[in-house]
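Data block below; observations after.
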Amino acid sequence: MTVTDNIRNWLATDASDAERTIIDRQLNPPGGALAAINGVVITGPQLRAAIGAIQHIQIRSEADMVRHGMILSAFAQEYGFTPIDYAGAALHARAIALDRWCNLHDPYGQTDVDAFFEAGARAPLIGTPDGVAFEPNAFGELIAFLAELPF
């Protein structure tokens, strides 16, 4: 019997209705996973620090992606992000979307760094055939707007 089989058996036989409700809410958030990830409030400096925590691990395999996820989940837990169930995933999704946007739209790193991270923390993530991303034009405009702010 696998771990998954054990969990299914526990859910079917031993879990209370309240436990099932909590688990169902975590696995199937209102509005879907992307809405839950977009609902996590993050600031630009927090996102920058989170990415700093994983940047030393180059992605060479799926195991490296999992390691990123584990580090970011621990980061979210330590800094008290809410809802905690989606905070690590939100940081990870935003890191991936920032990396994707840079590779496509700013390969030479000429974007204002503070505006870049602040936009990355605020812009809504969208689903694409390649995974989560920012809407490219709106994201670029947000960066330009934030870079022009006097503070």
**Item:** Ile126 with Leu47, same ILVMFWY side-chain cluster at under 4.5 Å
**Value:**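 No, Ile126 and Leu47 fall in different hydrophobic clusters.
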**Message:** For residues Trp101 and Leu142: do they belong to one hydrophobic cluster (side chain heavy atoms under 4.5 Å, members Ile, Leu, Val, Met, Phe, Trp, Tyr)?
**Reply:**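 No, because Trp101 and Leu142 fall into different hydrophobic clusters, even though each may have its own neighbours under 4.5 Å.
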**Prompt:** Who passes ring pair (Phe, Tyr, Trp, His ring centres under 6.0 Å) against Phe134, sequence neighbours left out?
**Reply:** Phe139
**Request:** Applying ring pair (Phe, Tyr, Trp, His ring centres under 6.0 Å), name anything that partners Tyr79, two or more places apart in sequence or on another chain.
**Result:**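 By the ring pair (Phe, Tyr, Trp, His ring centres under 6.0 Å) rule, Tyr79 matches Phe75.
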Is any side-chain heavy atom of [X] less than 4.5 Å from a side-chain heavy atom of [Y]?
{"X": "Glu118", "Y": "Asp114", "result": "no"}
{"X": "Pro136", "Y": "Leu104", "result": "no"}
{"X": "Ile71", "Y": "Ile57", "result": "yes"}

Indicate yes or no for a side-chain donor-acceptor contact from [X] to the backbone of [Y] under 3.5 Å, with no hydrogens or angles considered.
{"X": "Arg100", "Y": "Asp130", "value": "yes"}
{"X": "Arg94", "Y": "Ala123", "value": "yes"}
{"X": "Asp106", "Y": "Thr111", "value": "yes"}
{"X": "His105", "Y": "Gly140", "value": "no"}
{"X": "Asp99", "Y": "Ala95", "value": "no"}

If every non-hydrogen atom of [X] is compared with every non-hydrogen atom of [Y], which pair is closest and at what distance?
{"X": "Ala97", "Y": "Ala133", "result": "CB-CA, 3.8 Å"}
{"X": "Ala93", "Y": "Ile37", "result": "CB-CG2, 4.2 Å"}
{"X": "Gly127", "Y": "Leu34", "result": "N-CD2, 3.4 Å"}
{"X": "Ile143", "Y": "Ala119", "result": "CG1-CB, 3.6 Å"}

When rounded to the nearest 0.5 angstrom, what distance separates [atom1] in [X] from [atom2] in [Y]?
{"X": "Ile42", "Y": "Arg48", "atom1": "CD1", "atom2": "CZ", "value": "15.5 Å"}
{"X": "Glu78", "Y": "Ser73", "atom1": "CD", "atom2": "OG", "value": "13.0 Å"}
{"X": "His68", "Y": "Ile54", "atom1": "NE2", "atom2": "CD1", "value": "4.5 Å"}

**Complete:** Sorted by chain and residue number, the side-chain contact (heavy atoms from CB on, under 4.5 Å) partners of Leu149 (sequence neighbours excluded) come out as Phe145, Leu146, Phe151
**Item:** Test side-chain contact (heavy atoms from CB on, under 4.5 Å) applied to Ala76 - qualifying residues, sequence neighbours left out
**Value:**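 By the side-chain contact (heavy atoms from CB on, under 4.5 Å) rule, Ala76 matches Phe81, Ile84, Ala87, Leu91.
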**Message:** As a quick check of understanding, evaluate side chain to side chain contact (heavy atoms under 4.5 Å, CB included) for Met65 and Ile59, giving each step before the final call.
**Reply:** CA-CA 6 Å; Met65 289 286 288; Ile59 301 295; 3.6 Å; yes
**Item:** Over 12 non-hydrogen atoms of neighbours within 6.0 angstrom of CG in Asp14
**Value:** yes
**Asked** Taking only residues two or more places apart in sequence, or in another chain, which ones meet Thr43 in a side chain to side chain donor-acceptor pair (under 3.5 Å)?
**Response**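 Listed in chain order: Gln46.
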**Request:** Quick one: list whatever passes side chain to side chain donor-acceptor pair (under 3.5 Å) with Thr13, sequence neighbours left out.
**Result:** none
**Message:** Determine whether Glu135 and Leu125 satisfy the following criterion, side chain to side chain contact (heavy atoms under 4.5 Å, CB included), listing intermediate values before the conclusion.
**Reply:** CA-CA 7 Å; Glu135 196 288 312; Leu125 292 163; over 6 Å; no
